[in-house]
Amino acid sequence: MPKTTSPNFAEKVYALCQKIPRGKVTTYGAIARALHTKAYRAVGQALKCNPYAHGVPCHRVVRSDGSVGGFKGKTEGKEVEEKIKMLKKEGVRVEKYKVDLKNVMRIKV
DNA sequence: GTTGTGACGGGTC
DNA sequence: CGACCCGCCACAA
């Protein structure tokens, strides 16, 4: 049992992102919950690093409000728009900068 | 060891 | 519905 929080915290985040089914999205809070923690903020930072950009569909992760949040380290800009476009392509309905909460996959309630 | 900040969350105004 | 504030954990300087 690690005395610190979790050296593999980010790794867990990536693992969960991979388990996100196509056409659906999840929230940072959900991931944090699934990890049995409350570091929703740390989750975002881990994804921001996203060394598995080609293995982890981080674009399927949105905020609890349904906002797409950010992408590629940018909270706004065409990068985010691209993320939205990708989600739409997967079948996720996106309005403005928000996705339908129905498409949000709640890992833990 | 302390400070600051963030791809956040929820509550309040 | 938008703006603001506080609280949360992890990480970098």
Side-chain angles (χ1 to χ4, degrees):
Chain A
M1 38 37 30
K3 45 192 142 76
T4 58
T5 46
S6 258
N8 328 310
F9 174 79
E11 298 289 322
K12 304 217 178 191
V13 178
Y14 308 136
L16 276 165
C17 287
Q18 283 179 74
K19 85 185 220 102
I20 300 175
R22 178 186 168 282
K24 290 251 172 160
V25 292
T26 198
T27 67
Y28 299 97
I31 296 174
R33 262 187 217 290
L35 296 180
H36 217 273
T37 181
K38 303 134 191 121
Y40 12 83
R41 311 221 41 180
V43 174
Q45 278 182 131
L47 287 180
K48 160 184 161 201
C49 239
N50 194 18
Y52 301 89
H54 262 269
V56 177
C58 46
H59 65 267
R60 282 183 199 159
V61 187
V62 298
R63 290 187 49 158
S64 52
D65 319 74
S67 334
V68 297
F71 196 50
K72 295 206 330 179
K74 297 188 190 276
T75 53
E76 48 177 38
K78 63 178 188 182
E79 320 300 298
V80 180
E81 294 184 39
E82 286 292 292
K83 172 173 176 177
I84 295 172
K85 204 173 173 171
M86 259 193 294
L87 291 171
K88 282 179 143 184
K89 228 174 177 174
E90 304 235 328
V92 180
R93 182 105 52 131
V94 184
E95 284 286 321
K96 291 295 189 179
Y97 278 72
K98 304 228 180 149
V99 303
D100 269 3
L101 299 174
K102 301 161 158 290
N103 292 304
V104 176
M105 194 186 166
R106 290 190 188 169
I107 302 178
K108 283 241 170 159
V109 204

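Per chain, numbering begins at 1; letters A, B, ... match sequence-line order. Side chains are part of it too, since the values below use all heavy atoms of this structure and drop only hydrogens, waters and symmetry mates.
- For A/Thr37, no side-chain nitrogen or oxygen approaches OP1 or OP2 of C/dC8 to under 4.0 Å.
- Closest to the A/Ala39 side chain, of the nucleotides B/dG9, B/dA7, C/dA10, is C/dA10.
- Listed for the A/Lys83 side chain is a donor-acceptor partner under 3.5 Å among the backbone atoms of A/Val61.
- Between the NE2 atom of A/His36 and the P atom of C/dA10 there is a distance of 14 Å, rounded to whole Å.
- Look at CG on A/Asp65: it is 13 Å from P on C/dA3, rounded to the nearest Å.
- Heavy atoms of A/Gly73 sit under 4.0 angstrom from at least one base atom.
- To the nearest angstrom, C1' of C/dA10 lies 17 Å from CG of A/Asn50.
- You'll find the side chain of A/Phe9 reaches within 4.5 Å of the side chain of A/Val43, heavy atoms only.
- Between A/Ser64 and B/dG9 there is a side-chain N or O to OP1 or OP2 distance below 4.0 Å.
- Ring planes of A/Phe71 and A/His59: perpendicular class, angle over 60° (limits at 30 and 60°).
- Atom C1' of nucleotide C/dC8 and atom CZ of A/Arg41 are separated by 8 Å, given to the nearest angstrom.
- Protein atom CG of A/Asn8 is 19 Å distant from nucleotide atom P of C/dC9, rounded to whole Å.
- The nearest heavy atom of DNA chain C to A/Tyr40 and to A/Lys98 marks one nucleotide each, and the one closer to the 5' end goes with A/Lys98.
- Per the geometry, CD belonging to A/Glu81 stands 18 Å off P belonging to B/dA7, to the nearest Å.
- For the pair A/Tyr97 OH and B/dC8 P, the computed distance is 15 Å after rounding to whole Å.
- B/dC8 atom P lies 12 Å from atom CD of A/Glu76, rounded to whole Å.
- Sparse packing is recorded around CD of A/Glu76, with 12 or fewer heavy atoms of other residues, nucleotides or ligands lying under 6.0 Å away.
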